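Below: one structure, written as structure tokens.
In what follows, every chain begins at residue 1, and chains take the letters A, B, ... in the order their sequences are listed. Predicted, not measured: the structure shown is a model, and the values here were computed from it. What you see below is based on every heavy atom in this structure, not just the backbone, and it leaves out hydrogens, waters and symmetry mates.
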There are 2 protein chains.
Amino acid sequence: MGASLKDVARLAGVSVKTVSNVVNEYQHVSEATRSRVQEAIDQLGYRPNLTARHLRYGRSGIIGLALPELGIPYFAELAEEIIGAAERESWSVLIDQTDGRGDRERLTSSGARSRTIDGLIISPLTLDAEYLAGLRADLPLVLLGEQVGPGTADLVAIDNVTAAREATEHLLGLGRRRVAAIGDQRVSPGGTATLRLQGYREALAAAGVEYDPELVVPAESYHRPDGAAAMRLLLSLADPPDAVLCFNDLLALGALRTLLAAGLRVPADVAIVGVDDIEDGRFSTPTLTTIAPDKTQIAEAAVTMLLERVNGLATPPRSVTARHTLLVRESTHLRGLAQE
Amino acid sequence: MGASLKDVARLAGVSVKTVSNVVNEYQHVSEATRSRVQEAIDQLGYRPNLTARHLRYGRSGIIGLALPELGIPYFAELAEEIIGAAERESWSVLIDQTDGRGDRERLTSSGARSRTIDGLIISPLTLDAEYLAGLRADLPLVLLGEQVGPGTADLVAIDNVTAAREATEHLLGLGRRRVAAIGDQRVSPGGTATLRLQGYREALAAAGVEYDPELVVPAESYHRPDGAAAMRLLLSLADPPDAVLCFNDLLALGALRTLLAAGLRVPADVAIVGVDDIEDGRFSTPTLTTIAPDKTQIAEAAVTMLLERVNGLATPPRSVTARHTLLVRESTHLRGLAQE
DNA sequence: GAGTCGGTTTACAACGTTGCAAAAGAGGAG
DNA sequence: CTCCTCTTTTGCAACGTTGTAAACCGACTC
């Protein structure tokens with residue numbers, strides 16, 4: 001194993017505490033001892049044992065990030081931002097995949113692990129009450145995107161109702177009247193899906209378009225295959241849609257695949273909007289119109305709020321609404337691209 | 001803070017060690033005390049402090065995973081597998097993004113952090129000697145995909161030469177003769193790019209097709225924009241290619257985008273093969289032919305080897321060659337999809 | 001020369017856990 | 001009743017670190 005303070009102290013002929021003082025750049029150390037100690041440190045290749053430090057401080061210096069899965073690009077991109085933001089504050093990030101399906105083993109393992117982390121940022125796609133129950137009661141928590149229970153923790157989210165409304169208005173503004181929605185989920189009452197559906201309905205109502213339940217297709221998970229399957233269902237309708245709002249970009253890309261494979265043109269026959277602004281959508285053909293949440297802002301707000309809590313802030317739960325933008329691309333508005 | 005053994009001991013009226021024995025399911029504890037202690041544990045909501053445990057054991061129970069970026073789907077998918085494999089062995093994973101560009105701050109922070117982790121799995125896209133230099137000398141290491149220096153650590157990789165050769169043979173088998181390659185990188189001598197280029201050239205040579213340097217386009221990083229730019233360059237040639245081997249799927253998707261935007265048909269005019277088998281390629285239009293590395297095998301081999309090292313195994317560096325498969329999809333072989 | 005003051009160095013305890021060895025208790029055999 | 005064995009419980013030390021407070025030292029003041 002690596003050298004400890006004791007080893008360095010012995011070699012330099014000083015006390016353990018003096019070495020510690022040198023390492024921590026304590027002011028009152030004479031130049032003579034400092035250099036002697038430093039020499040010993042270099043010679044032994046000493047590095048502080050963070051575990052011991054953390055024990056001393058009562059902290060681990062590690063925050064947890066609980067995500068459904070890293071395979072979903074939105075979460076991967078978000079994780080990237082969060083790791084970056086945490087790193088800037090000298091914190092490390094431990095990733096935990098909740099996996100949607102409440103995997104028993106995994107739940108318990110997470111619960112046990114929660115003792116290692118000083119705080120947790122969690123994105124509960126499927127509102128994961130059991131998961132939360134397995135955590136320490138006093139664990140600082142920041143929720144991403146979705147409220148769990150009544151105001152239990154700090155929250156960062158975009159305004160999902162407005163976002164969905166804007167996206168739908170955009171489709172209606174193109175003159176489309178059979179606007180479908182893919183991605184409904186009944187699982188979580190106050191969840192993201194519900195809010196987006198609400199925005200969708202508000203836009204329809206405002207435009208005087210009647211709400212047709214047939215055009216709202218649920219999705220069990222938010223992957224491409226779900227979007228593809230939902231789109232096949234929509235195409236089989238007697239009166240199929242001429243536009244689709246997908247509750248995330250993966251669903252949209254899946255739907256897009258189905259449409260193109262069926263020989264339909266996008267956006268000429270069917271226009272598509274997604275949510276998330278994942279990189280894939282910037283390079284699909286056609287490129288994907290989407291609601292872009294400000295991921296950097298989300299990550300930084302989440303990390304900032306969490307670290308404030310870790311440092312003892314005890315105000316009532318706060319809520320940050322992150323910016324979002326509608327990015328119009330080819331899947332709703334063809335400019336320049338030759339498309340037969 | 002949470003309750004400690006001491007608190008539980010006081011409440012249950014026993015010694016600290018007895019509580020520890022109960023927690024660790026030590027055999028010789030009378031039923032009476034066990035239940036009394038358990039009661040106290042439940043009442044106080046006691047959970048073991050893993051930091052202290054780790055200090056005691058001289059281990060953190062955490063392994064590091066150093067990746068270029070999570071935003072690259074291949075790495076996100078790989079991280080998912082590795083986290084899963086580690087979790088099955090009750091280990092946690094700390095992710096570090098090396099970011100390609102040797103970011104100074106990040107390097108030092110990683111170096112410091114390396115004291116927290118018991119081992120490191122690292123995927124050095126751009127062979128990161130500096131990064132490695134910042135690590136503890138005695139840190140168990142497993143390399144993914146690329147050798148760093150002369151046999152310094154355990155290695156898991158696919159047979160890149162063979163993989164690239166097979167992919168190129170597939171393109172040649174379609175009758176293509178102007179086969180381009182996107183993704184060359186001179187940075188790392190024994191690196192992935194070099195090996196794949198070698199496989200590409202072997203296939204050309206075997207088929208009696210002359211090697212044309214003009215058809216080999218380097219890529220600074222392996223993102224879609226790089227592939228798109230490289231493809232634009234290839235299209236501007238006097239004698240443009242009729243097939244492209246891209247050194248990863250993102251490059252391929254970028255190239256695909258350029259081709260379609262230019263009004264070319266894939267695969268009719270230009271066929272494309274990628275490497276990695278990321279989910280995006282299964283749902284692009286056309287779907288992407290690709291070399292699929294067995295990510296699960298890679299992840300499990302890496303975690304297994306690393307944990308063996310952590311547990312003290314001291315044999316010379318080992319090397320595991322993971323399986324790969326050529327998945328033929330629409331970008332080289334159109335079956336069923338209506339394409340004008 | 002005693003007293004004081006500043007900088008410098010140190011011993012000790014503690015963070016929460018567990019291995020070790022020894023102490024305490026419970027039976028059972030002689 | 002003593003001795004032995006086996007189970008149960010305990011105290012101590014240690015993992016590597018740092019805060020606290022006290023000790024040490026040289027120099028300066030009166």
Looking only at heavy atoms, what is the nearest atom pair of Ala79(B) and Leu70(B), with distance? CB-CD2, 4.0 Å
Side chain to side chain, Arg53(B) and Leu50(B), heavy atoms closer than 4.5 Å: yes
Heavy-atom nearest pair, Ala85(A) first then Glu300(A), reads CB-CG, 4.1 Å
Value in whole Å for how far the P atom of dG11(D) lies from CG of Leu5(B): 14 Å
Are Trp91(A) and Leu307(A) close enough that some pair of their side-chain heavy atoms sits under 4.5 Å apart? yes
Distance-minimising heavy-atom pair for Leu306(B) and Pro140(B): CD1-O, 3.5 Å
Nucleic acid contacts - residues 10-20 of chain B versus DNA chain D, non-hydrogen atoms under 4.0 Å: Val14(B), Ser15(B), Lys17(B), Thr18(B)
Can you measure Asn21(A) atom CG to dT9(C) atom C1' for me and round it to whole angstrom units? 8 Å
Val142(A): which of Val320(A), Ile122(A), Leu120(A), Asp154(A) passes side-chain contact (heavy atoms from CB on, under 4.5 Å): Asp154(A)
Any Pro293(B) side-chain heavy atom under 4.5 Å of Tyr74(B) side chain: yes
Selection: residues 28-43 of chain B, any non-hydrogen atom under 4.0 Å of DNA chain D: His28(B), Val29(B), Ser30(B), Thr33(B)
Compare side-chain N and O positions of Tyr26(A) against OP1 and OP2 of dT20(D) and report whether any pair is under 4.0 Å apart. no
Terminal axis angle for the helix from dG1(C)-dC30(D) to dG30(C)-dC1(D), five pairs an end, nearest 10 degrees: 80°
Nearest whole angstrom, please: distance from the P of dT18(C) to the CD of Glu25(B). 12 Å
Could you give me the CA-CA distance, side-chain angles and deciding distance for Lys295(A) and Glu77(A), then say whether salt bridge (Lys or Arg N to Asp or Glu O under 4.0 Å) is met? CA-CA 8 Å; Lys295(A) 299 192 193 85; Glu77(A) 294 180 13; 3.0 Å; yes
Nearest-nucleotide wise, let me know which of Gln27(B) and Arg56(B) is further upstream toward the 5' end of DNA chain D. Gln27(B)
Distance check needed: dT17(D) C1' versus Asn49(B) CG, whole Å only. 14 Å
Between atom CG in Asn24(A) and atom P in dT20(D), what is the gap in whole Å? 13 Å
Write down the distance between CG (Asp7(A)) and C1' (dA14(D)), rounded to a whole number of angstrom. 14 Å
N/O (side chain, Arg53(A)) to phosphate O (OP1/OP2, dT18(D)) under 4.0 Å: yes
Do side-chain atoms of Gln97(A) reach the backbone of Ala66(A) as a donor and acceptor pair under 3.5 angstrom? no
Is there a side-chain contact between Arg318(B) and Thr315(B) in this structure, where contact means two heavy atoms from C-beta onward sitting under 4.5 Å apart? yes
Over how many whole Å does the gap from Leu55(B) atom CG to dC15(C) atom C1' extend? 9 Å
Do Val22(B) and Thr33(B) have side chains that get closer than 4.5 Å, going by heavy atoms? no
d(NZ, Lys6(B); P, dC12(D)) in whole Å: 14 Å
